[in-house]
Amino acid sequence: MTARLLIPLLLAANTLCGCAAGPNPRDPMEPFNRKVYAFNDGLDKAVLKPVAKGYVAVVPGIARRGVTNFFNNLGVLVTTLNDALQLKGTKVPVDIARFLTNIFFGLGGLIDVATELKIEYRKEDFGQTLGYWGVGSGPYLVLPFFGPSSTRDAPGLAVDFVTSPLYYWDADWEVRWAVYGLDVVNTRANLLGAEKFLDTAAMDRYSFLRDTYLQRREYLIHDGTPPADTTTKQKSLKELEEEDLRDEQTPSPAAPRIEDEQLPLPTARE
């Protein structure tokens with residue numbers, strides 16, 4: 001279903017890319033993207049956000065944490081596949097160990113035992129795999145319902161969907177879509193706190209989300225060490241994070257004290 005939805009969207013995006021030009025070179029489809037963003041934002045405010053708030057009000061925090069752990073643990077299998085495709089041989093055994101630890105000792109993944117045991121948690125997807133092998137991100141693209149993406153990452157969503165264990169779960173369609181819906185609502189509920197920061201920090205939410213998404217994707221594809229970008233003076237997420245840490249650790253310098261004996265005495269004119 002997801003693949004069938006993404007194919008016409010990508011065809012439309014490639015068509016629009018050739019005839020639309022925006023001020024940001026990585027966002028040549030900005031007029032189109034802003035309209036899709038406005039649609040998604042309106043849908044979120046009308047439906048998804050109220051449902052997420054109700055979910056938080058009704059479901060206890062410990063249960064919501066269990067739901068998050070469960071879906072995160074299933075996502076480790078997608079990460080394992082993409083680590084293998086990226087030839088990250090040292091990461092695959094860690095991924096498998098994390099998944100099996102939470103399955104057998106964490107009540108099927110409801111409890112994140114692996115984190116307590118210091119087993120690394122990472123997220124890899126097919127868009128990152130394409131980027132790892134040198135496929136450029138292409139123009140920025142906002143997908144209906146899915147949000148920020150790119151012409152490289154959008155097909156990756158379909159691949160990630162069909163490689164997820166839920167895709168092969170043999171259950172009635174009502175149950176499967178209920179589980180998908182729970183994942184969406186739970187994910188939106190986890191973002192309620194971050195939205196408050198976005199409201200206070202971003203003058204133009206669209207531009208803020210776009211730039212943050214593009215930087216974060218480069219950060220993830222290069223495992224936290226993206227190459228220096230000679231076409232822009234924008235700092236990476238890692239550089240900004242390191243600067244924030246230095247600012248917190250370095251006290252502001254105090255104004256120099258001027259002792260009375262240091263002041264020069266006025267001299268009488270001859």
Side-chain angles (χ1 to χ4, degrees), residues 1-3 48 51-52 55-56 58-132 145-149 153-195 213 216-217 219-224:
M1 182 68 178
T2 302
L48 193 54
V51 172
Y55 171 77
V56 171
V58 173
V59 181
I62 188 172
R64 298 198 307 271
R65 181 71 258 173
V67 172
T68 300
N69 291 338
F70 175 78
F71 286 111
N72 284 348
N73 200 52
L74 289 182
V76 171
L77 293 179
V78 177
T79 295
T80 304
L81 173 63
N82 284 284
D83 275 337
L85 292 175
Q86 295 174 38
L87 305 182
K88 296 179 179 179
T90 60
K91 300 296 184 181
V92 172
V94 177
D95 299 334
I96 296 174
R98 180 179 181 86
F99 175 77
L100 294 178
T101 298
N102 284 338
I103 286 292
F104 289 110
F105 302 106
L107 300 179
L110 295 175
I111 302 175
D112 188 4
V113 178
T115 295
E116 297 297 325
L117 297 176
K118 309 300 182 183
I119 302 177
E120 183 184 13
Y121 174 64
R122 302 168 55 259
K123 294 185 71 174
E124 297 279 351
D125 55 53
F126 194 69
Q128 289 172 245
T129 297
L130 292 175
Y132 177 85
F145 308 109
F146 294 93
S149 186
D153 294 339
L157 293 175
V159 176
D160 295 335
F161 181 77
V162 300
T163 55
S164 170
L166 289 178
Y167 182 78
Y168 301 95
W169 184 27
D170 186 15
D172 294 336
W173 69 269
E174 297 94 339
V175 177
R176 292 181 62 177
W177 283 107
V179 173
Y180 290 137
L182 176 62
D183 187 17
V184 171
V185 172
N186 185 73
T187 300
R188 183 62 181 89
N190 291 337
L191 295 174
L192 289 174
E195 186 180 22
Y213 174 83
R216 177 166 172 75
R217 292 300 290 176
Y219 184 87
L220 293 174
I221 288 169
H222 296 92
D223 293 330

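Few gaps surround CG on Leu87; more than 12 heavy atoms of other groups in view lie less than 6.0 Å from it. Counting non-hydrogen atoms of other residues, nucleotides and ligands closer than 6.0 Å to CD of Glu116 gives a total of 12 or fewer.
The backbone N or O of His222 sits nowhere less than 3.5 Å from a side-chain atom of Tyr132 that would complete a donor-acceptor pair. Looking at Ser149, its side chain does come within 3.5 Å of a backbone N or O of Ala154 through a donor-acceptor pair. With hydrogens and angles ignored, the 3.5 Å screen pairs no side-chain donor or acceptor of Asn69 with any backbone N or O of Gly109. One N or O on the side chain of Asn102 and one on the backbone of Val113 form a donor-acceptor pair closer than 3.5 Å.
Taking the side chain to side chain contact (heavy atoms under 4.5 Å, CB included) definition, one finds that Asp125 meets it with Gln128, Asp160, Arg217, sequence neighbours left out. Annotation: side chain to side chain contact (heavy atoms under 4.5 Å, CB included) contacts of Leu107 (sequence neighbours excluded): Leu110, Ile111. Every residue meeting the side chain to side chain contact (heavy atoms under 4.5 Å, CB included) condition with Leu77, not counting sequence neighbours, appears here in chain and number order: Phe99, Pro165. Taking Phe104 as the reference, nothing meets the ring pair (Phe, Tyr, Trp, His ring centres under 6.0 Å) condition, with sequence neighbours excluded.
Looking at Asp95 and Thr79, their side chains never bring a donor and an acceptor atom within 3.5 Å of each other.
What you find for Val179 and Phe71 is that their closest heavy atoms are O-CZ, 3.6 Å. Closest of all the heavy-atom pairs between Tyr55 and Ala189 is CD2-CB, 3.7 Å. Closest approach of Thr115 and Arg98 over heavy atoms only: OG1-NH2, 2.9 Å.
Between the OG1 atom of Thr101 and the CG atom of Leu117 there is a distance of 6.5 Å, given to the nearest 0.5 Å. Distance CD1/Ile221 to CG/Leu130: 8.5 Å, rounded to 0.5 Å.
For the salt bridge (charged side-chain N to carboxylate O under 4.0 Å, His left out) condition, the pairs that include at least one residue of residues 69-87, sequence neighbours left out, are Asp83-Arg122. Annotation: salt bridge (charged side-chain N to carboxylate O under 4.0 Å, His left out) contacts involving residues 174-195, sequence neighbours excluded, comprise Asp44-Arg188, Lys49-Glu195, Arg188-Glu195.
The aromatic rings of Phe161 and Tyr180 lie tilted to each other, with the angle between the two planes from 30° to 60°.
Considering only heavy atoms from C-beta on, Ile96 comes within 4.5 Å of Val92 through its side chain.
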(request) In sequence, state the C-alpha distance, the side-chain angles, and the governing distance for Tyr121 and Val76, and then conclude on side chain to side chain contact (heavy atoms under 4.5 Å, CB included). (result) CA-CA 8 Å; Tyr121 174 64; Val76 171; 4.1 Å; yes
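Ion pairing between a basic and an acidic side chain is recognised when a charged N comes within 4.0 Å of a carboxylate O; Glu124 and Lys88 show such pairing.
The side chain to side chain contact (heavy atoms under 4.5 Å, CB included) test with Phe70 singles out one residue from Thr68, Leu74, Asn73, Val67, and that residue is Leu74.
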